[in-house]
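What follows is a short report on a single structure.
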There are 2 protein chains.
Amino acid sequence: MALRPVTRRSVSDQVFDQLVDDVVDGELGVGEPLPSERRLAEVLGVSRPAVREALGRIAQTGLVEVRQGGATLVRDFRRAAGLDLLPRLLVRSGRLDTAIGRSVIEARAEIGPGIAALAAGRGGPALATGLDAVVDEMATVTDAVRWQVLALDYWDLLVDGADSMVFRLMFNSLRAAYEPALPALATILADEVGQAEPYRLLAAAIRAGDAPTARAAAARVLTPTADTLLGALAAMGDDA
Amino acid sequence: MALRPVTRRSVSDQVFDQLVDDVVDGELGVGEPLPSERRLAEVLGVSRPAVREALGRIAQTGLVEVRQGGATLVRDFRRAAGLDLLPRLLVRSGRLDTAIGRSVIEARAEIGPGIAALAAGRGGPALATGLDAVVDEMATVTDAVRWQVLALDYWDLLVDGADSMVFRLMFNSLRAAYEPALPALATILADEVGQAEPYRLLAAAIRAGDAPTARAAAARVLTPTADTLLGALAAMGDDA
DNA sequence: GGTGGTCAAGTGGTCAGACCAGTTGTGGTT
DNA sequence: AACCACAACTGGTCTGACCACTTGACCACC
């Protein structure tokens, strides 16, 4: 019996979801006005405060622009939204957007080595020891999902070692985007389970404080999985 | 007569600002409960809906966790927040945080070349022509702020050419972070005004579809300004 | 023909007070 | 000691009212 926490969605959460989807899917064109708060409340069968709470969060996301006295206008999220929007773009109405998935994988492969290089210069042996501990556990694991979780833990440590708030926040945003899809990812990447050697080499480069080697080692960690995932995405795209 | 738009801050905006600052500055420790909504409303002299709108946005940012029935708890934003929080971390209570400024500059220098490489593979001559147009204008400009704005326009085009939603959203977040500081940046980088040649070389590499050369050219665009800015930040840090 | 003033209608901003729903701690019961 | 019931919190939602602002139409006036 597999139990999972009950998820309760508040009214304003549901309004938020619905409006975000409408804006992101382009059902509401850029520059067009949203219905008034009162009208939305009436149509959706909720109170105005509930609508307002949702709209306030949507405005913060950069999807709309609200102006007192005037109508609330739809903005171009490609220009105005920040990385926090990524999770909602990646899986849209239950389906994974392959183009966005591709960009996530590319960004991961592009940024990871930079993080490793910074961490090599700043983490020191303490970081390397922590990484090795994770790798030791990875080497013994057989469950594909557990493997992915440990890989995330590994990168979490690495990002800490890079001592960069920007990369930390980027990592958080990216993790939030693909954590929901982690079980699916684990299946696609099942063949990689147990191949801990690249991770160990990266940790060694970190211990040595060798930034260029760490950069290359990180690329060797990331590139194979990136290729596998891009291949899987391409296959999905063909189906659709 | 230099006129600028009047900025009106709503009550819930002010509550939002205040609470974000308190959490980010660590005045409210991680795991600690916030005062109840009713209490906050009373203490701040505003209505409960206003407090709720602010809290909802703060929760979305990942700074707190609200649970019906229980208290609202402070989370560790280093773990939970996304890149959208960056602007509020970079300038905190009017002051620029040098450690975070450093990480922004590092990230820019690290990611820029990757974007250029992607754009070289996807942008084509059309992109290069657009870039050249911006460079042509840069070459004629003498105002330092105007120069920075054009540089941003240049990168905006480049990011479009990379055809990557993740990099686009990252760029938006980073731009949101340092756009407020742009006048100050322009002063520090005044010496770079007019030096458009690196930008032109990058555009040429894009036109040729030569990703490795584009990567190197982007590094040559970014590294000098990064060094200058890091130096300025270090000087600021010494003062404090 | 353009300028500025006036006004009504519609929009978002804020408030007060009430009630529902869920959590937590307390104290009694077994 | 384990369990349970209840009271006193917490956040969630609604209603209806009023304020502040923008918009557009209309109307003088120059």
Side-chain angles (χ1 to χ4, degrees), chain A residues 3-20 22-23 28-75 80, chain B residues 1 3-20 22-23 28-75 77 80:
Chain A
L3 299 177
R4 46 211 156 350
V6 181
T7 60
R8 266 178 294 276
R9 305 196 60 63
S10 72
V11 172
S12 78
D13 280 346
Q14 297 180 46
V15 174
F16 177 80
D17 288 344
Q18 201 165 324
L19 289 178
V20 167
D22 282 355
V23 170
L28 296 163
V30 173
E32 281 181 27
L34 251 57
S36 74
E37 295 178 355
R38 291 164 174 77
R39 179 133 203 78
L40 280 173
E42 185 186 351
V43 171
L44 299 173
V46 302
S47 71
R48 184 145 88 106
V51 170
R52 279 186 57 81
E53 288 182 17
L55 279 178
R57 289 164 54 200
I58 294 176
Q60 170 162 327
T61 314
L63 265 47
V64 303
E65 173 188 1
V66 335
R67 307 170 308 168
Q68 180 171 0
T72 297
L73 304 179
V74 176
R75 303 179 68 182
Chain B
M1 186 166 69
L3 298 178
R4 45 211 158 344
V6 179
T7 62
R8 267 176 294 275
R9 305 197 59 64
S10 73
V11 170
S12 79
D13 280 346
Q14 297 180 47
V15 174
F16 177 81
D17 289 344
Q18 201 165 324
L19 289 178
V20 166
D22 283 354
V23 170
L28 296 163
V30 173
E32 280 180 27
L34 251 57
S36 73
E37 295 178 354
R38 295 170 228 271
R39 182 134 206 75
L40 280 173
E42 185 187 349
V43 172
L44 299 174
V46 301
S47 70
R48 195 164 152 228
V51 170
R52 280 186 56 80
E53 287 181 17
L55 279 178
R57 288 163 53 199
I58 293 175
Q60 170 162 325
T61 314
L63 265 47
V64 302
E65 171 187 4
V66 331
R67 306 170 308 166
Q68 179 169 0
T72 298
L73 304 178
V74 176
R75 304 178 68 183
F77 68 87

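Atoms considered below: every heavy atom in the structure, side chains included; atoms not considered: hydrogens, waters and symmetry mates. By convention in this document, chain letters (A, B, ...) are assigned in the order of the sequence lines, proteins followed by strands, and residues within each chain are numbered from 1.
For B:V66, the side-chain atoms get nearest to D:dG12 when compared with the rest of D:dG12, D:dT15, C:dT14. Checking C:dA16, C:dG12, D:dT13 against every side-chain atom of B:S47, the shortest atom distance belongs to C:dA16. Of the candidate nucleotides C:dG12, D:dG11, D:dG12, C:dG12 has the atom nearest to the side chain of A:R48.
In this structure the side chain of B:L63 never reaches within 4.5 angstrom of the side chain of B:R57, judged on heavy atoms. Between A:Q68 and B:S10 there is no side-chain heavy-atom pair separated by less than 4.5 Å. Side chains of A:V15 and A:E53 form no contact here, defined as non-hydrogen atoms less than 4.5 Å apart. Counting heavy atoms from C-beta outward, A:R67 and A:L73 have side chains that approach closer than 4.5 Å. A:Q60 places a side-chain heavy atom less than 4.5 Å from the side chain of B:T61. In this structure, A:L34 and A:L55 have side chains that are in contact, with non-hydrogen atoms separated by less than 4.5 Å.
Atom P of nucleotide C:dT14 and atom CD of A:E53 are separated by 13 Å, given to the nearest angstrom. One interatomic measurement links the two molecules: CZ of A:R39 to P of C:dT11, which rounds to 9 Å at whole-angstrom precision. Atom CG of A:D13 is separated from atom P of D:dG11 by 16 Å (rounded to the nearest Å). Atom CG of B:L73 is separated from atom C1' of D:dC9 by 15 Å (rounded to the nearest Å). Counting to the nearest Å, the P atom of D:dC14 and the CZ atom of A:R38 are 16 Å from each other. Rounded to whole Å, atom P of C:dC15 lies 14 Å from atom CD of B:E42. Atom pair A:F16:CZ and D:dG12:P shows a separation of 15 Å (rounding to whole Å applied). Between A:E65 atom CD and C:dT11 atom C1' the separation is 14 Å, expressed in whole Å.
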Sub-3.5 Å pairs of nitrogen or oxygen atoms, protein against nucleotides 22-26 of chain D:
| unit_1 | atom_1 | unit_2 | atom_2 | d |
| --- | --- | --- | --- | --- |
| D:dT22 | OP1 | B:R8 | NH2 | 3.2 |

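B:R52 contributes no side-chain N or O that forms a donor-acceptor pair with the base of D:dG12 under 3.5 Å.
Under 4.0 angstrom from either OP1 or OP2 of D:dG12 there lies no side-chain N or O belonging to A:S12. Contact annotation: A:S10 does not reach the phosphate of D:dG11 (side-chain N/O to OP1 or OP2, under 4.0 Å).
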* To do: In sequence, state the C-alpha distance, the side-chain angles, and the governing distance for B:T72 and B:E37, and then conclude on side chain to side chain donor-acceptor pair (under 3.5 Å).
  => CA-CA 9 Å; B:T72 298; B:E37 295 178 354; 5.4 Å; no

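Where A:E37 and B:V46 each meet DNA chain C at their nearest nucleotide, the meeting point lying more 5' is that of A:E37.
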